[in-house]
Amino acid sequence: MTDAWGIDHEYEDAAGRHQRVPPETVAALRAVIGVPPDVSGGPGEPETLVMRRGDRVGAADLVLEDGAELRVDGALPPDLPYGYHTLRRPGDDTAHRLIVSPGRCRLPARRAWGWAVQLYAARSRTSWGVGDLADLRRLASWAAGCGAGFLLVNPLHAAAPVVPVQPSPYYPASRRFHSPLYLRIEDVPGAAAVLDEETVARGRALNDRPELDRDAAWRLKLAALEGIYAAAPPGGDFERWRAARGRALEEFATWCALAERHGPSRRAWPAEYQRPDGPAVARFARDHADRVRFHAWLQWLTGRQLAAAAAELPVMQDLPVGVDPDGADAWSWQDLLAEGVSVGAPGDEFNAAGQDWGLPPFVPWKLRRAGYAPFAESVRAAIAASGGLRIDHVMGLFRLWWIPSGESAGRGAYVRYPAGDLLDIVALESHRAGAPVIGEDLGTVEPGVRETLAGRDLLSYRLLWFERDDPAAWPERAMAAVTTHDLPTVAGLWDGGDLAEQRRLGLEPNEEGSRALRDALAAHGGLEPDADAAQTVLAAYRLLAEAPSLLLTATLDDALAARGRPNIPGADGLRPNWRLPLPVPLEELERLPLPRELGDLLSAAVRDSAKGAPGR
């Protein structure tokens with residue numbers, strides 16, 4: 001049963017058991033959600049209309065995105081531009097937001113394979129301790145030479161511009177802006193006249209550390225960027241770009257300047273700065289106008305360097321489930337977020353106690369009242385200048401597991417979202433970017449979700465480690481992979497190193513499941529017990545190559561037979577999650593045989609496939 005607040009009072013757990021939500025959880029969530037208009041019956045609220053061409057609206061005046069005006073009487077015209085418009089009905093002074101969507105995402109133009117990479121881990125000898133956007137450009141050029149059709153990267157979103165730097169890419173301060181930690185300093189206009197050999201040497205010496213030191217890298221990069229900015233201030237191209245980005249960029253840059261002065265936790269700032277629309281914030285922005293300009297400039301630089309990398313090969317980005325509750329987006333959109341709850345997942349076979357991700361959710365009715373602008377802006381920013389978008393935990397567009405503050409992860413409830421509207425917005429942004437969208441539909445997926453996604457041309461996400469069917473039976477409209485950043489690498493599974501690490505950390509791993517995966521790999525991959533890491537990796541990807549899926553993905557971790565995975569959920573503080581570099585620099589990776597063999601294997605699978613991708 002789903003109540004008027006959108007709360008499911010019952011759900012089916014991962015084992016198929018029927019569960020009832022405690023009444024106190026329902027009461028706590030209702031208090032956080034507030035009274036939806038459907039419950040209050042209050043008049044005068046502007047509607048957000050999400051529609052298709054041909055849908056009936058009656059008599060209405062439209063103001064299109066480009067400012068053009070149009071009178072309609074009946075159905076929306078078949079040639080109406082897709083986009084975000086304004087609708088007014090005769091006798092009604094209320095302006096309604098009208099979102100017109102094609103309803104379906106773009107599909108890949110052709111079948112392809114690509115590398116999945118944690119960019120921070122992909123260091124070259126010229127990096128400053130962290131893989132950067134010049135490394136991404138180098139990777140893209142090399143990958144294209146291997147026959148790859150795309151790169152899939154971790155979220156490149158912004159964190160607070162202070163130390164300690166947030167290590168997790170899935171806990172961003174903003175989903176609309178990028179992290180300047182990924183800048184290649186030597187490629188910044190004006191750098192050559194400012195950088196000295198000692199600074200460059202100190203930056204590159206960070207590559208010698210066995211784990212990433214983001215704090216040291218950011219201190220060096222920030223000092224260098226400040227020096228370049230002072231010596232060669234940006235000119236007209238930057239100012240025109242800044243003006244075009246408008247209020248969103250100004251708020252973000254102001255938040256960055258405030259975070260430098262008062263710390264990264266916006267809820268701990270002096271009261272007068274806790275809302276972006278307050279007079280004290282406006283005074284601060286005026287008084288610190290040059291520092292606000294500096295942070296806007298950093299975003300201009302990251303956008304340019306990312307675009308240069310994407311010009312070599314399409315780059316698909318990842319969209320996290322949510323944002324840091326103390327970050328920039330949460331500051332800007334605080335009135336739309338549910339205070340006092342976080343999202344996560346109920347217990348399953350891998351996490352019996354459930355998971356709390358510490359991310360605040362949007363209140364569904366408030367998000368709709370805001371015209372879905374925060375969601376649309378986040379999707380647009382992640383898909384812009386890219387070759388596609390992977391939506392992490394895509395089931396969150398249908399429902400999210402809300403956990404009241406102070407409760408264990410298992411004592412939450414599912415809260416429903418307007419999936420149809422959100423999927424239409426995803427389709428609209430996909431259409432505009434000309435880029436496909438992949439929905440990460442792993443874990444507990446309720447009935448009907450995958451069918452709905454398929455009907456919208458969102459590609460499914462299938463993993464060798466999760467699927468029990470033969471890869472040849474996997475769906476065509478999918479991205480197929482062996483593993484992800486949260487799961488064992490092939491080498492780590494095969495030699496037992498991943499299990500051993502989990503035991504050492506006291507995490508109570510799924511021993512039976514891991515053994516079953518290893519046995520299945522041995523049986524289906526034709527592996528002898530003494531097979532080495534390279535043989536095992538190639539066997540796993542030969543199995544993957546049998547999938548008819550439009551997109552095939554191989555991790556650079558597997559291409560280097562790495563044993564440690566980027567992240568073990570629940571092990572923050574116990575191991576260097578998100579801090580492990582690839583075992584070798586990019587210069588060496590490009591010369592090794594295993595990455596080349598893996599690329600040849602997947603290139604042959606794509607080339608020899610009888611199935612193509614219907615373009616749109």
Has Arg416 got its NZ or CZ under 6.0 Å from the middle of the six-membered ring of Phe398, at an angle within 45 degrees of the ring axis?
no
Just checking, is any N or O donor in the side chain of Ser127 or Asp135 under 3.5 Å from an acceptor N or O on the other one?
yes
Is there a donor-acceptor contact under 3.5 Å from the side chain of Trp494 to the main chain of Thr489?
no
Are Trp128 and Trp218 near enough that their ring centres are under 6.0 Å apart?
no
Flag side-chain contact, heavy atom, 4.5 Å: His157 against Ser174:
no
May I ask you to check whether over 12 heavy atoms, not counting those of Glu451, lie within 6.0 Å of atom CD?
yes
Distance from Gln317 atom CD to Leu156 atom CG, nearest 0.5 Å?
5.0 Å
Are Trp113 and Phe150 close enough that their ring centers fall under 6.0 Å?
no
Thr484/Tyr461 under side-chain contact (heavy atoms from CB on, under 4.5 Å): CA gap, chis, key distance, verdict
CA-CA 11 Å; Thr484 74; Tyr461 192 60; 3.7 Å; yes
Rounded to the nearest 0.5 angstrom, the CG-CD1 distance for Leu389 and Ile383 is 5.0 Å
Report yes if some heavy atom in the side chain of Leu586 is under 4.5 Å from a heavy atom in the side chain of Trp142; otherwise report no.
no
Assert yes or no for the condition that the ring centre distance of His431 to Tyr82 is strictly below 6.0 Å.
yes
Closer than 3.5 angstrom, by distance alone: can the side chain of Asn577 be matched with the main-chain N or O of Ile568 as a donor-acceptor pair?
yes
Does the plane of the ring in His485 sit parallel, tilted or perpendicular to the ring in Trp578? Use 30° and 60° as the thresholds.
tilted
Assess the side chains of Tyr372 and Asp421: does a donor N or O sit below 3.5 Å from an acceptor N or O?
yes
Interatomic spacing from OG1 in Thr483 to CG in Asp557 - rounded to 0.5 Å:
8.5 Å
Can you confirm whether more than 12 heavy atoms, excluding those of Arg399, are under 6.0 Å from its CZ atom?
yes
Distance (rounded to the nearest 0.5 Å) between Arg138 CZ and Thr126 OG1:
7.0 Å
Is the closest side-chain donor-acceptor distance between Asp558 and Tyr541 under 3.5 Å?
yes
